[in-house]
Number of protein chains: 2
Amino acid sequence: MRFDDRKKRILSAIVETYIRTGEPVGSKTLSEFPEISVSPATVRNEMAALFEMGFLEQPHTSAGRVPSHLGYRAYIDGLMRAKPLTDDEKDGIDALFNISDPDPDKLLADSAETLAEYTGCATVAMTTTPSYVTVEHIDIVPADETTVVLLVIASNGVVKSKVCRLFFRVNTGIADFFRKFANDRFCGHTLKEISAEFVSAVSIQLGEYSNVFNPLIVGIYELCKEVYDGQYYLGGREKLLTYNEYSDRALEIMKLISKRDKLGPVIGNNPSGVTVFIGKENSLSQLSGSSLLVARFSIGENDCGTIGLIGPVRMDYSRLIPHLEYFAEKLGTLLSITYQRKTGDDNG
Amino acid sequence: MRFDDRKKRILSAIVETYIRTGEPVGSKTLSEFPEISVSPATVRNEMAALFEMGFLEQPHTSAGRVPSHLGYRAYIDGLMRAKPLTDDEKDGIDALFNISDPDPDKLLADSAETLAEYTGCATVAMTTTPSYVTVEHIDIVPADETTVVLLVIASNGVVKSKVCRLFFRVNTGIADFFRKFANDRFCGHTLKEISAEFVSAVSIQLGEYSNVFNPLIVGIYELCKEVYDGQYYLGGREKLLTYNEYSDRALEIMKLISKRDKLGPVIGNNPSGVTVFIGKENSLSQLSGSSLLVARFSIGENDCGTIGLIGPVRMDYSRLIPHLEYFAEKLGTLLSITYQRKTGDDNG
DNA sequence: TATTGGCACTCGAAAGAGTCGAGTGCTAAA
DNA sequence: TTTAGCACTCGACTCTTTCGAGTGCCAATA
């Protein structure tokens, strides 16, 4: 049986109509489409064929047809006409990223929230740190008598800080000593190397002072770990409640996507561009009723993170895929500006 | 009509049974309670009286009775026997707060999440900064050639930092100059004073350098604002989905409580101890189906924040009120240790 | 040969009828 | 003042009926 042109048009129309209405699509409705314009009976014959080929499902005998996962897949891979963003939509997204000096962490969290608002889906934004990234510099700044601010600057430009409150007074001498010590021991090592064992070993080298300085050493460890772990932000999880598909599963899905160890591996390892997982294609069985759209973004040349959408299988792919793509691109651009300035200025 | 002892016992039993089962409570059920032990007919007479007095409501003629808001209020204010925490429960909460050197912001966010997990309610945690808090110290630390870390330390011990990426190379001289300038202009001023206008005025004093240093001045402004605004964290909003009461209102409530400008004023201005708003007592009409429990916590002597529970009116007050109280107390204690060490060590 | 009109059939959704039982209010007796 | 007795109410549940959108199949048609 050939998957001829009319079958393609009919499948397209079924997918699009079902996405729009949420109701199974019947032969009469389809026959009224200008790009189809054959009688309902003919449409029925074609639908029977598409059903045979696995592209359609039938909720029950006397209902219309609904796309199967295969049907969605065929639609997305070949039939769909992506709706390019209007200038207004582009301007809208551009405006979101028109921030002069963003805090990268907040930017990511805000992006997730904004993208959720923009798409009506739950979103996830995640960054990962390549294993070659090293500690570039550690600093310690006395804030008041017993408080210091610890800074860890990584070779990828990420800076993290932490307030440490100590049990003794910190003067410039102590700060200088510790700064030198910490830089000597940590700089140049990859973040990956800096394990609890590594830190214990460093601590021992402080000899009798190891107890006193322990909060700072632990602080450095925590900051390194924080940088290496990257970020994981969710946005608009409550959007799932607006879809009847999730009427009683919403809580389960909301909990699931909150867990980085569950969703992270799934979204973290995809080619560039937008990757789509439709329903049962998801490796997590709980997501068999959901579709997942993920897009990588990069800082300059370096692949650095993923931003994704989670919504019902019946989501508007033709609109959301280009949106997500554009959004990820813009996010990458802004992060690149933020992080690359330090080297970009070298020539000036 | 007297609100005599037996009426009180019956009202108590109705509230407690209804909280437990979610079903209207009938006379037969009540007559079997040992503390009531009169016939169903007598109970019915008493219930009719309690209904007259406004303590009960009746979903429909042939259903049992349900507490009215007045009924809950009477229960909470006079009849309820608070269930003190068991040692195990106390240990559980104590363990949550057994952290050596917490980041205050994370602590608050984690507390909200943990409290939600512990109580099954949505939670909110908020801090406010008294208007007398001043800027104590500003620091600027070069991180790499064009990146600096800005620090603002407030007189209440709060430290905030921000990474600023600049368009020029920062050497020690520039950093020293700006540090002195910023401390001269900002220190001693209350956070409240540091408005956009204030910052513009300061910026002008930099003369020809005002453009160059503007990102730093703006950074200081943002940090001051961040400290002054305090924090607002939500936890476990999805818990609301577990109550049928919220079957179709969950989304609305989740959105509402996410808005600090809506919920903040309601929870931010209450006496110490646990304050309870039952259903329609809430000034926000959308919360008429919810109860709100709020508890203040303080750092040392200074009142500093609020932590609260949001759940269905039918919540287990006798358990949750003591829990929230203990939780707020512990949170305050840990924050006090964190913030007060700097002065507490002055005697040593 | 592909398309179409006709027709009997299917099956879920919605509406209506009947039953059940928990719970009530009222009255009269204890 | 308390209680047993009794008629009554009304939601929850079940069963049945009706309705109609949609189907599959077949014979007629272009």
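Remember, predicted model here, so these are calculated numbers, not experimental data. Numbers restart at 1 for each chain; the letters A, B, ... are given by sequence-line order, proteins then strands.
- Looking at residues 37-49 of chain B, you'll see B:V38, B:S39, B:A41, B:T42, B:R44, B:N45 sit with a heavy atom under 4.0 Å from some atom of DNA chain D.
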Scan the side chains in residues 45-62 of chain A for donor-acceptor partners under 3.5 Å anywhere in the protein, sequence neighbours excluded, and list what turns up.
unit_1 : atom_1 : unit_2 : atom_2 : d
A:E46  : OE1    : A:K7   : NZ     : 3.3
A:E46  : OE2    : A:R6   : NE     : 2.7
A:E46  : OE2    : A:R6   : NH2    : 3.0
A:Q58  : NE2    : A:T61  : O      : 3.1

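- First and last contacts of DNA chain D with chain B, using any nucleotide atom under 4.0 Å from a protein heavy atom and ordered 5' to 3', fall at D:dT2 to D:dG11.
- For A:D5 and A:R9, the salt-bridge test passes: some basic side-chain N is under 4.0 Å from an acidic carboxylate O.
- Using a cutoff of 4.0 Å between basic side-chain nitrogens and carboxylate oxygens, B:R20 and B:E16 are not scored as salt-bridged.
- For the side-chain contact (heavy atoms from CB on, under 4.5 Å) with A:V294, the lone residue among A:L309, A:L324, A:I310, A:N270 that qualifies is A:N270.
- For the residue pair B:S27/B:R44, the side-chain donor-acceptor check at 3.5 Å is satisfied.
- Less than 4.0 Å separates DNA chain D from at least one heavy atom of each of the following residues of residues 56-66 of chain B: B:H60, B:T61, B:S62.
- The closest side-chain donor-acceptor pair between A:Y233 and A:S111, if any, does not fall under 3.5 angstrom.
- The main-chain N or O of A:A82 is never found under 3.5 Å from a side-chain atom of A:S318 such that the two would form a donor-acceptor pair.
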*For the pair A:I307 and A:V124, evaluate side-chain contact (heavy atoms from CB on, under 4.5 Å) and give the outcome as yes or no after the intermediate values.*
CA-CA 6 Å; A:I307 187 157; A:V124 57; over 6 Å; no

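- For residues 243-277 of chain A, the set of pairs meeting the ring-ring contact (aromatic ring centres under 6.0 Å, His included) definition, not counting sequence neighbours, is empty.
- A donor-acceptor distance shorter than 3.5 angstrom exists from the side chain of A:Y118 to the backbone of A:E89, with no hydrogens or angles considered.
- A:S285 and A:S288 share no donor-acceptor pair across their side chains, judged by distance under 3.5 Å alone.
- Side-chain polar atoms of B:S258 and B:R237 form a donor-acceptor pair below 3.5 angstrom.
- Near DNA chain D, defined here as any heavy-atom distance below 4.0 Å, the residues from residues 6-13 of chain B are B:R6, listed numerically.
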